[in-house]
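Notes follow the structure.
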Amino acid sequence: MTKLTLTRRRLLTGLGTIGVASAGAGLGTTAYFSDQETFENNQLTAGEFDLKMDWQVTYDGPNDFEYVTASPDQYRNEDLETLARDDLFNLITGSDGVRDPIDSRDAIAQRAGFGSNDADLTDQQRTIVENAFRSQFADVPRDLFETRPIVDLDDVKPGDSGSVSFSLHLFDNPGYIWLNGRLVEARENGHTDPENGDPDTVGDPDEVSTLLDNDVELLDEIRVTVWYDQDGDAEVDADEPVLLGGNADPTANPTLRDLLGLLSTGNGVPLDASADPQADAVDRTCFANSTTYYVGFRWELPVDHANQIQSDGVTFDLGFYAEQCRHNDGLGVVPENGTANGTTEGVTDLE
């Protein structure tokens, strides 16, 4: 977050003059009555706008369904809604791959001994509570240097799948949000004997590409779904709106190559705060500040293909870009640095 205070300027108003002329006995005098009203120390301070995130990653693979990584993940969980405690009723610290429940501002204030009535809090106490509340969420990629990527799988097999539930938190002002991303690298990683013998193998064994126009077959075999994960459980429920994919037959869903093509065009795929999958960039609803929203990403490697994807690897970014709603029609502008507010990385390799 950046706070900008512009140079103070003095605004002068009410400056006027009244002239009085008098003459007599050969003597002339001139005087000016004057007055000044000054509004001093005028300031313009830029407002704040900050997108923070938390997430839950799941994987259905060799160990069946499991929770893989999450943020925040400081404590052990009894279940998705409750933190585990020891015999002395103390919270049990340690990462378990399950997203910790988020403390509300009221809960933080009560734990700090400030009381539950926000109106009774001092400005200093409100600042303490607000800072503690926001510290539960991540600014990415800055907060991912030690843990990235959030998806890192090196032995994906046909039939495997996984999901990421992203929780979005805008602070200070409402905004429009886009889901965006890009291909970082696609690689063949050589050819196994079965891959060499598959007629659908087209990629050169030494191929490594940062462009979507490549012959790495894995990009065309991984199928994806993007949906509004309204309960934040990283599962596509029947009543949750689907933005892309969502078909019972995964081969009918977009490929990872298709998705990355959409996400790397302009600001990416515009999201709607009311979870309307039909809303376009201009007609969509702004995301309110200080409100939690969930967006899910699911990938799946169907079983109906041959050996052409053996040893292939893909690295890609997913991110979210946000702009203020005020004076904005929702079409957006390309960010100056060409990157998203929050960007997470995924790595997938087949062996």
Side-chain angles (χ1 to χ4, degrees), residues 57 59 61 140-141 144 148-164 166 178-226 243-247 249-269 297-321 334-335 337-340 342-351:
V57 180
Y59 179 38
V140 294
L144 281 180
R148 66 182 304 176
I150 65 171
V151 179
D152 190 1
L153 304 172
D154 60 6
D155 189 22
V156 176
K157 295 293 193 293
D160 288 0
S161 62
S163 296
V164 185
F166 296 101
W178 289 256
L179 172 65
N180 59 11
R182 67 186 179 100
L183 173 69
V184 176
E185 184 181 88
R187 49 200 174 274
E188 280 286 330
N189 291 329
H191 284 172
T192 64
D193 288 340
E195 188 175 6
N196 274 325
D198 193 306
D200 291 327
T201 297
V202 294
D204 185 278
D206 297 324
E207 181 169 10
V208 177
S209 178
T210 60
L211 304 176
L212 279 173
D213 185 14
N214 62 68
D215 293 323
V216 177
E217 297 90 354
L218 182 59
L219 281 167
D220 299 311
E221 298 302 335
I222 290 181
R223 303 296 175 136
V224 298
T225 292
V226 177
L243 195 58
L244 297 167
N247 298 289
D249 177 6
T251 63
N253 293 331
T255 67
L256 181 58
R257 192 190 303 269
D258 294 334
L259 177 65
L260 294 178
L262 290 172
L263 299 185
S264 59
T265 301
N267 286 333
V269 175
F297 164 75
R298 173 180 168 83
W299 64 269
E300 183 171 359
L301 183 60
V303 297
D304 63 336
H305 58 77
N307 293 314
Q308 73 272 22
I309 64 171
Q310 284 198 24
S311 75
D312 289 3
V314 173
T315 302
F316 59 94
D317 286 347
L318 292 177
F320 295 87
Y321 171 65
V334 178
N337 60 3
T339 61
T343 302
T344 61
E345 185 175 283
V347 178
T348 303
D349 283 279
L350 300 186
E351 295 181 350

Please answer whether the main-chain N or O of N214 pairs with a side-chain N or O of E207 as donor and acceptor at a distance below 3.5 Å.
-> no
Counting only N and O atoms by type, is there a donor-acceptor contact under 3.5 Å from the side chain of N267 to the main-chain atoms of W178?
->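 Such a contact is absent between N267 side chain and W178 backbone.
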Using 0.5 Å steps for rounding, measure from the [atom1] atom of [X] to the [atom2] atom of [Y].
X	Y	atom1	atom2	value
F297	T225	CZ	OG1	9.0 Å
N253	N247	CG	CG	4.5 Å
L263	R182	CG	CZ	12.5 Å
W299	S161	CH2	OG	6.5 Å
D258	L212	CG	CG	9.5 Å
L183	D213	CG	CG	11.0 Å

Does [X] reach the side chain of [Y], with side-chain heavy atoms less than 4.5 Å apart?
X	Y	result
V226	L259	yes
L179	L243	no
V151	V57	yes
L260	L219	yes

Can you list everything that forms a salt bridge (charged side-chain N to carboxylate O under 4.0 Å, His left out) with [X]? Sequence neighbours excluded, please.
X	value
R298	E300
D204	none
E185	R187

Which residues satisfy the side chain to side chain donor-acceptor pair (under 3.5 Å) test with S209, sequence neighbours excluded?
-> none
Report the residues that fulfil side chain to side chain donor-acceptor pair (under 3.5 Å) with D220, sequence neighbours left out, ordered by chain and then residue number.
-> R257
Give the minimum heavy-atom separation between G313 and V216, together with the two atoms involved.
-> O-CG1, 4.3 Å
How would you list, by chain and number, every residue that makes a side-chain contact (heavy atoms from CB on, under 4.5 Å) with T251, sequence neighbours excluded?
->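 By the side-chain contact (heavy atoms from CB on, under 4.5 Å) rule, T251 matches D249, P302, D304.
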Using side-chain contact (heavy atoms from CB on, under 4.5 Å) as the criterion, point out the one residue from T255, D312, V156 that pairs with L218.
->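 Exactly one candidate clears the test, D312.
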